[in-house]
Protein chains: 2
Amino acid sequence: MTQKQEHLSKNQQIVLSIIERAKGPLKAYSILYNVQKRGIKAPLQVYRALEKLIEAGKIHKIESKNAFIACKNSDCEISKTTAFSICNNCEHVKEIKNLKLSKYLSNFADNSGMKYKKYNLEFFGLCKNCKIKQ
Amino acid sequence: MTQKQEHLSKNQQIVLSIIERAKGPLKAYSILYNVQKRGIKAPLQVYRALEKLIEAGKIHKIESKNAFIACKNSDCEISKTTAFSICNNCEHVKEIKNLKLSKYLSNFADNSGMKYKKYNLEFFGLCKNCKIKQ
DNA sequence: ATAACAAACGTTATATTATAACAAATTAAG
DNA sequence: CTTAATTTGTTATAATATAACGTTTGTTAT
């Protein structure tokens with residue numbers, strides 16, 4: 001029962017709620033714009049909250065987009081292993097939850113003698129909808 | 001024999017040669033600093049060269065670091081599928097060339113109906129050297 | 001409760017990364 | 001050659017992210 005169920009601070013809660021309500025990944029300055037009515041005025045306040053939320057596994061950063069998305073994988077406790085599918089057309093992003101994939105990658109070892117504790121995988125392609133339309 | 005053996009322009013050659021000589025990934029503004037003696041004066045000249053070099057598969061962007069590294073996988077013709085190992089301590093970055101891994105990921109399909117043509121995978125951990133020292 | 005410490009906050013300034021817009025020069029293709 | 005496409009040079013500016021500092025709030029141990 002020693003869940004890392006962090007208590008979230010006020011700013012962290014505000015930022016998280018914006019990200020959770022969003023349909024897709026949000027950029028930091030777009031978050032900032034959205035939370036100004038709630039008293040958060042400066043970029044740094046947003047970035048600090050983002051940092052903590054990432055540590056807590058509540059959100060992930062989509063590196064190729066510099067954007068942030070809520071974690072839907074409730075069982076990835078600290079979620080150091082992430083995979084996303086990204087549509088090149090409509091920009092839709094979805095976290096991939098696939099046990100085989102995550103096992104495969106978590107156990108991956110090459111001949112470098114390096115053991116990996118963390119990875120981030122971003123797949124790109126056309127989503128079902130956009131494939132039809134084109 | 002229809003290799004996409006692009007002719008590289010002057011600026012593209014200059015930027016590529018800097019990246020190829022480097023021991024690790026280089027940041028755009030560090031590249032800029034390195035090529036100023038060769039007549040490239042502005043960020044945009046560097047970014048334009050980087051863009052073309054990525055398209056040509058000569059270099060890759062390490063998204064988590066906003067840095068650029070030469071492609072050592074001579075057989076990845078356009079290299080839309082990339083994997084890297086990154087040491088969290090010494091920051092050493094190495095492109096992973098592993099046929100099983102690339103086959104596995106290239107063939108990966110989840111239930112979303114999305115077919116992936118491109119991916120980028122970044123593994124994090126401690127390299128052999130840093131593991132010993134700690 | 002309160003002292004001691006850690007975490008979060010607010011604020012200003014600034015660093016870092018990346019692109020827009022436009023005109024001139026160079027290169028490739030018919 | 002000449003037309004089209006690409007690359008270049010240049011200035012300005014947008015977008016993303018962190019440094020530094022002092023204050024406030026929250027936690028823990030006595």
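Every chain is numbered from 1, with letters handed out A, B, ... down the list of sequences.
One finds no side-chain N or O of A/Ser9 lying less than 4.0 angstrom from the OP1 or OP2 phosphate oxygen of C/dA7. Between C/dG10 and A/Gln45, a contact under 4.0 Å exists linking OP1 or OP2 to a side-chain N or O. Residue B/Lys41 places at least one side-chain N or O under 4.0 Å from the OP1 or OP2 atom of D/dT10.
A/Leu26 has its CG atom 15 Å from the C1' atom of D/dT16, to the nearest Å. Following rounding to the nearest Å, B/Lys52 (NZ) and D/dT7 (C1') show an atom-to-atom distance of 9 Å. In this structure, the CD atom of A/Gln12 is 12 Å from the P atom of C/dA7, given to the nearest Å. Here the P atom of nucleotide C/dA7 and the CG atom of A/Asn11 are 17 Å apart, to the nearest Å. Separating the CD atom of A/Gln13 from the P atom of D/dG26 is a distance of 11 Å, rounded to the nearest angstrom. One atom, CD of B/Glu51, and another, C1' of D/dT8, lie 14 Å apart when rounded to the nearest Å. Straight-line distance from the CG atom of A/Leu32 to the C1' atom of D/dT18: 15 Å, rounded to whole Å. Per the geometry, CG belonging to A/Leu50 stands 12 Å off P belonging to D/dT16, to the nearest Å.
Here the shortest heavy-atom pairing between B/Ile96 and A/Tyr116 reads CD1-OH, 4.1 Å. For the pair B/Met114 and A/Ile86, the tightest heavy-atom approach, listed with the atom from each and the gap, is CE-O, 3.2 Å.
With rounding to the nearest 0.5 angstrom, the CD1 atom of B/Ile14 is 12.5 Å from the CD1 atom of B/Ile31. The NE2 atom of A/His92 lies 8.5 Å from the OG atom of B/Ser112; values are rounded to the nearest 0.5 Å. Taking CD1 of B/Ile18 as the reference point, atom CZ of B/Arg38 lies at 5.5 Å (rounded to 0.5 Å).
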Practice problem: Could you check A/Glu91 against A/Lys65 for salt bridge (Lys or Arg N to Asp or Glu O under 4.0 Å), going step by step and ending with a plain yes or no? | Solution: CA-CA 10 Å; A/Glu91 308 237 306; A/Lys65 292 187 172 299; 3.3 Å; yes

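A/Leu44 forms part of no hydrophobic cluster, judged by ILVMFWY side-chain heavy-atom separations under 4.5 Å.
Remark: C/dA4 base-pairs with D/dT27; criterion is Watson-Crick or G-U wobble with both hydrogen-bond distances under 3.5 Å.
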Exercise. Would you mind building the protein contact string for nucleotides 17-26 of chain C? One character per nucleotide, 5' to 3', B for base within reach (heavy atoms under 4.0 Å), S for sugar-phosphate only, - for untouched.
Key: BBBBB-----

